[in-house]
Structures are given as structure tokens and as C-alpha cells.
Number of protein chains: 2
Amino acid sequence: MRKEVVESAASNVVPPVDLSDVGEIRDILGFHIRLAYVTVYRHFMETFSDLDLTQKQVSVLWLVSDNPGVAQTDLAQRLHMDRATTMGIINRLEGRGLLRRGPSPQDRRRKTLYLTPAGEEVLKRAKAAIWEHENWLKSRFTKREVQTLMGLLDRIHT
Amino acid sequence: MRKEVVESAASNVVPPVDLSDVGEIRDILGFHIRLAYVTVYRHFMETFSDLDLTQKQVSVLWLVSDNPGVAQTDLAQRLHMDRATTMGIINRLEGRGLLRRGPSPQDRRRKTLYLTPAGEEVLKRAKAAIWEHENWLKSRFTKREVQTLMGLLDRIHT
DNA sequence: GCCCTATTGTGAGCGTAGCGTACAATTGGC
DNA sequence: GCCAATTGTACGCTACGCTCACAATAGGGC
């Protein structure tokens with residue numbers, strides 16, 4: 001099924017004998033992803049210091065706004081979150097009056113989510129901040145490179 | 001569900017007039033980085049469930065092993081971490097007996113870090129696990145794509 | 001030599017977020 | 001109508017990021 005793409009310093013066909021030698025930490029793709037994520041996250045937090053929202057919180061607001069009435073489980077799935085984790089985020093946002101839970105007409109186990117007017121307002125401002133943040137992030141790439149990068153990243157999380 | 005499918009055609013030349021409209025959340029590069037990171041992190045934790053180490057902890061062990069006697073501040077800088085955050089990680093690793101702090105000959109404010117034999121042993125096993133993890137991650141890319149991806153990610157955190 | 005500032009490690013406290021586990025209510029297949 | 005699966009919820013634990021504060025030390029200017 002999966003191609004065996006063995007890495008750089010090791011030979012191309014035969015797995016390395018000493019498994020403990022993975023080469024330099026600089027050759028570890030996961031390491032680079034983490035560093036990039038941390039950098040982006042940090043700048044995001046700076047940009048959003050006045051709105052006091054995290055990436056995940058904005059993601060949730062955005063998705064709920066685009067899909068009013070969505071259930072928590074669907075939300076969790078789309079954002080790759082645990083159900084329990086989703087709970088915490090929803091609780092916080094609800095506590096701040098940015099969204100509300102309502103009953104679901106079809107399934108009484110489910111709760112439907114929708115933004116309050118305050119939530120919509122905050123999201124609107126958040127999007128403006130994101131525009132700024134994205135410009136900062138994308139400024140180091142050409143449009144083509146952004147497409148390439150997104151395409152490659154997509155292959156990881158899908 | 002209203003969906004404005006702007007797709008990749010979004011704002012090719014002119015910045016959008018309405019700053020609050022950043023398009024689909026799918027067009028946000030930061031969003032993709034976060035999803036990719038979460039996916040990688042999750043798989044990492046699965047791979048390391050028996051060793052009970054996080055990405056950061058392995059990174060610290062690795063860097064200390066490669067640079068014995070390094071100071072905490074230098075470590076923090078290389079891993080893009082806060083000094084206080086670094087403290088916590090070092091404390092945990094020291095508490096588990098994987099590394100130790102020693103005095104610095106030149107600067108009495110500094111502490112030098114070095115792995116214990118147990119730490120070296122754990123790192124050795126961690127590297128084997130990383131080899132597995134990296135194969136899983138890189139299996140979806142060609143060698144060339146891995147290089148491209150790393151190059152693009154590097155531009156973010158440097 | 002002596003001050004002033006910067007650096008380094010440390011601690012306490014707060015917030016976000018991930019996970020496992022357990023449980024009640026509800027649904028849906030059989 | 002019963003049983004397994006789903007959904008939301010709560011609780012506890014851990015990791016980790018931040019701020020702020022403080023003590024010890026270092027280094028530059030005088």
C-alpha cells in the first residue's frame with residue numbers, strides 16, 4: 001500500500017542497520033513542522049492579544065458561523081479534536097457569550113451550535129486580524145509556493 | 001449552509017475590500033499548518049506511548065546529547081521556547097533522571113546540561129521510534145517533496 | 001575599585017488544551 | 001422490546017505556554 005520512502009543519509013533500499021541513528025535532528029520533518037507551528041502560533045497570539053482568542057477558538061467560531069446548527073461531534077471531527085477537548089472549548093466560548101447550545105429537533109442527544117450576535121461580531125473582527133496574520137505568514141512565499149505548501153500539508157492531515 | 005466557494009481564485013492580485021471576509025477557512029495557511037501539526041503530534045504520541053515522551057522532550061534530549069554542556073537559554077532559543085517553559089521541561093526530565101544540571105565553569109549564573117546514561121539510553125530508543133514515525137510521515141511524499149516541504153517550513157521559523 | 005543594567009535560572013500562578021474514563025440520555029438495528 | 005452505539009457531559013491528570021517577580025551573577029562605564 002504505502003511506498004517505503006527511506007530517508008537521505010540511510011541507504012535507499014536497505015533499512016539502516018542502526019535504527020538509533022536517524023541523523024541530525026535537522027533532518028526530521030516532524031521537527032520542522034513543530035517549529036513552524038510554534039512560530040505561527042506565537043505570532044497568532046500576538047495578533048490576537050486584544051481579542052483574546054486562540055487559533056482553535058477562532059476555528060470553532062468560524063465553522064459554527066459557516067455551519068449554524070452543527071453538532072459538537074461534527075465540529076470535533078472537522079477540527080481533529082477529541083470530544084472532551086471540544087467540550088472545554090465550547091464551554092469557554094459559551095461562557096463568554098459568543099455562542100450558544102440549543103436542542104436538536106431530530107436527535108435529542110445532540111445539541112446544535114450557533115453564534116450569538118456578539119459572537120458574529122467578534123468573528124468579524126477576528127477575520128480582520130487573520131487577514132493581517134496571514135499576510136505576515138504568506139509574505140515569505142510566492143502564491144505558487146503557498147499553493148504547494150498547502151497541498152503538501154493537506155496530505156498529512158487528510 | 002451558505003458556502004461561498006471562492007476556491008483558489010481568491011484574491012489573486014487585489015487585496016479584498018472587506019477585510020472581514022478572508023474567504024473560506026480552507027484558504028487560511030495557518031489553519032493547514034495547525035491541522036498538520038495536530039495530526040503529526042497525535043501520531044507521535046501514539047508511537048511514543050511506551051516511552052512516554054513528548055516531541056519537545058525528545059527534542060531537548062536530542063539537542064543536549066548533541067551539545068553536552070549547553071545552557072538552558074541556548075536550548076530555549078534553538079527550540080523556540082520561553083525560558084520559563086524550558087524550566088518545566090528540564091525539571092521533568094531531570095526528575096525522571098534522564099538529564100542533569102551542572103555548574104558552568106565560566107559563568108556562575110549558568111547551568112550546564114548533560115544526559116545521564118539513562119538519558120542516552122532513552123534517547124537511543126526514542127530515535128528508533130522516530131525512525132518509525134518519520135517513515136509514516138514521509139511515506140506520503142517523494143524525496144523531492146520532503147525537501148521542498150522542509151525548505152518552505154524553514155522559511156517560517158527562521 | 002563601585003554603580004547600573006542585563007542576563008540567567010528559578011518559582012508561583014494562570015489559562016489552554018490534550019487525553020482517558022465514566023456515566024446518563026437517547027437512538028437505531030435486530 | 002432489548003442491546004449496542006452515539007452524544008454530550010463531568011472529572012482528573014498532564015503538558016506547556018505566558019506573565020511577573022526575585023536572587024545571583026556578569027559586564028560596562030566611571
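Here is the naming used below: chain letters follow the sequence lines, and residue numbers restart at 1 for every chain.
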Inset, instruction - Answer yes when Glu145(A) and Arg155(B) have at least one side-chain N-carboxylate O distance shorter than 4.0 Å, and no when they do not. - result: yes
Legend entry - Mutual orientation of the aromatic rings belonging to His43(A) and His133(A) [parallel < 30°, tilted 30-60°, perpendicular > 60°]: parallel
Inset, instruction - Output the distance between atom NE2 (His32(B)) and atom OG1 (Thr158(A)), rounded to the nearest 0.5 Å. - result: 10.0 Å
Inset, instruction - Mind checking the CZ-OG1 spacing from Arg34(B) to Thr54(A)? Nearest 0.5 Å is all I need. - result: 8.0 Å
Could you report the tightest heavy-atom contact between [X] and [Y], atom names first, then the distance?
X	Y	value
Gln55(B)	Tyr37(B)	OE1-CE1, 3.6 Å
His157(B)	Thr39(A)	CB-OG1, 3.2 Å
Leu123(A)	Ser65(A)	CD2-CB, 3.3 Å
Leu149(A)	Leu153(B)	CD1-CD2, 4.3 Å
Glu134(A)	Leu29(B)	OE1-N, 2.9 Å

Inset, instruction - Could you tell me whether a side-chain N or O of Thr85(A) sits under 3.5 Å from a main-chain N or O of Met81(A), the two making a donor and an acceptor? - result: no
Shared ILVMFWY cluster between [X] and [Y], side chains joined below 4.5 angstrom?
X	Y	answer
Leu79(B)	Tyr114(B)	no
Phe141(A)	Met150(A)	yes
Tyr41(B)	Leu137(B)	yes
Val64(B)	Ile25(A)	yes

Legend entry - Distance-only side-chain donor-acceptor flag, Asn91(B) / Arg101(B), under 3.5 Å: yes
Legend entry - Side chains of Gln72(A) and Arg110(A), donor plus acceptor under 3.5 Å: no
Inset, instruction - Return the 5'-most residue of the pair Met87(B), Lys56(A) with respect to DNA chain C, ranking by each residue's nearest nucleotide. - result: Met87(B)
Legend entry - Outermost nucleotides of DNA chain C that come under 4.0 Å of a non-hydrogen atom of chain B: dA6(C) to dC19(C)
Legend entry - DNA chain C contacts among residues 69-77 of chain A, heavy-atom distance under 4.0 Å: none
Legend entry - Interface residues of residues 39-54 of chain B with DNA chain C (non-hydrogen, below 4.0 angstrom): Arg42(B)
Legend entry - Beyond-backbone contact of Leu61(A) with Leu53(A), side-chain heavy atoms, under 4.5 angstrom: yes
Inset, instruction - Would you check, one step at a time, whether the test side chain to side chain contact (heavy atoms under 4.5 Å, CB included) holds for Phe48(B) with Val58(B)? - result: CA-CA 10 Å; Phe48(B) 277 76; Val58(B) 172; 3.8 Å; yes
Inset, instruction - Anything below 3.5 Å on both distances counts as a pair; with that, list the stems of at least three consecutive Watson-Crick or G-U pairs involving DNA chain C. - result: C:1-30 with D:1-30
Legend entry - Residue whose nearest DNA chain D nucleotide is more 5′ - Met81(B) or Thr112(A): Thr112(A)
Legend entry - Euclidean distance, atom CZ of residue Arg110(B) to atom P of dG27(D) [Å, nearest integer]: 10 Å
Inset, instruction - Please state how far atom CD1 in Ile89(A) lies from atom C1' in dT9(D), giving the value in whole angstrom units. - result: 15 Å
Legend entry - Reading 5' to 3' through nucleotides 20-26 of chain D, protein heavy-atom contacts under 4.0 Å coded B for base, S for sugar-phosphate only, - for none: ----BBS
Which protein N or O atoms sit under 3.5 Å from an N or O of nucleotides 12-14 of chain D?
none

